[in-house]
Amino acid sequence: MYYIVETDKLFDLAVKDLESVVVSHGYGVLHIHDLGATLRSKGIEFAEECKIFEVCNPVQAAKVLAIDMCLNMALPCRISVFTEKNVTKIGMIKPEKMLAALSQNPALSAIAKEVEEMTIQIINAAQ
């Protein structure tokens with residue numbers, strides 16, 4: 001269900017590299033949520049770092065929405081850079097499995113597979 005890789009990069013470098021790799025692969029970065037900072041700003045002790053990238057390929061998103069508008073709630077794709085016990089990781093929930101859980105339409109499966117292959121390439125390139 002997940003695709004997660006470890007990287008030897010420090011957290012901040014992995015974040016910077018992921019952002020540039022996303023763009024170089026034809027996707028856009030819509031927003032980056034700093035989950036760690038948000039939790040700490042609310043007075044919650046949170047020792048790890050976590051930034052969640054909302055990324056989108058508009059052509060693929062439009063195809064998904066043309067088939068099932070309700071899937072807008074599953075978009076955009078998210079790729080996370082996070083630390084876990086001093087190890088930096090980059091990961092995502094696999095789009096093909098996620099969309100299969102939400103819709104049985106075979107056309108969606110093909111689109112999700114394409115998106116998954118590309119986001120795996122993005123994660124591996126940022127690693």
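The two residues F82 and G91 come nearest to each other via the heavy atoms CE2-N, 4.3 Å. Here the shortest heavy-atom pairing between Y3 and N124 reads OH-OD1, 2.6 Å. Closest approach of Y2 to K94, counting heavy atoms only: O-CE, 3.5 Å. The shortest non-hydrogen separation linking L71 to L108 is CD1-CD1, 3.3 Å.
Under the 4.5 Å side-chain heavy-atom criterion for grouping Ile, Leu, Val, Met, Phe, Trp and Tyr, L102 is connected to I67 within one hydrophobic cluster. Using a 4.5 Å cut-off between side-chain heavy atoms of Ile, Leu, Val, Met, Phe, Trp and Tyr, with links allowed through other members, V5 and V15 fall into the same hydrophobic cluster. V59 and M118 sit in two unconnected hydrophobic clusters of ILVMFWY residues. Membership requires side-chain heavy atoms under 4.5 Å apart, directly or through other members. Linking ILVMFWY residues whenever their side-chain heavy atoms come closer than 4.5 Å, directly or via other members, leaves V87 and I4 in distinct clusters. By the rule that hydrophobic residues join a cluster once side-chain heavy atoms approach within less than 4.5 Å of another member, I93 and M73 end up as members of separate clusters.
Taking NZ of K51 as the reference point, atom NZ of K16 lies at 12.5 Å (rounded to 0.5 Å). Atom CE in M1 sits 7.5 Å away from atom CE in M98 (nearest 0.5 Å). One distance of note links OG1 of T119 with CZ of R78; it measures 13.0 Å at 0.5 Å rounding. Distance check, rounded to the nearest 0.5 Å: CD1 of I122 to CD1 of I90 gives 11.0 Å. To the nearest 0.5 Å, atom CD1 of residue I123 and atom NE2 of residue H25 are 11.0 Å apart. Taking OG of S24 as the start and CD of E19 as the end, the distance is 11.5 Å to the nearest 0.5 Å.
Sorted by first and then second residue, the pairs that involve residues 53-63 and meet side-chain hydrogen bond (donor to acceptor under 3.5 Å, both in side chains), not counting sequence neighbours, are H33-E54, Q60-K63, Q60-E114.
Looking at L65 and L75, their side chains come closer than 4.5 Å, going by heavy atoms from C-beta outward. Proximity of L18 to I79: side-chain heavy atoms (C-beta onward) are separated by under 4.5 Å at one or more points.
Grouping Ile, Leu, Val, Met, Phe, Trp and Tyr residues whose side-chain heavy atoms lie under 4.5 Å apart, directly or via other members, places L35 in a hydrophobic cluster with L39, I44, F46, I52.
Residues meeting the side chain to side chain donor-acceptor pair (under 3.5 Å) test with T38, sequence neighbours left out: none. Shown here are the side chain to side chain donor-acceptor pair (under 3.5 Å) partners of E116, two or more places apart in sequence or in another chain: there are none. With sequence neighbours excluded, the residues satisfying side chain to side chain donor-acceptor pair (under 3.5 Å) with K9 are D17. Residues passing the side chain to side chain donor-acceptor pair (under 3.5 Å) test with Q121, sequence neighbours excluded: none.
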Next item on the list: Test side chain to side chain donor-acceptor pair (under 3.5 Å) on E48 and T83 and set out the steps.
Entry: CA-CA 5 Å; E48 303 292 354; T83 59; 2.7 Å; yes

Next item on the list: Could you give me the CA-CA distance, side-chain angles and deciding distance for V115 and V64, then say whether side-chain contact (heavy atoms from CB on, under 4.5 Å) is met?
Entry: CA-CA 11 Å; V115 170; V64 168; over 6 Å; no

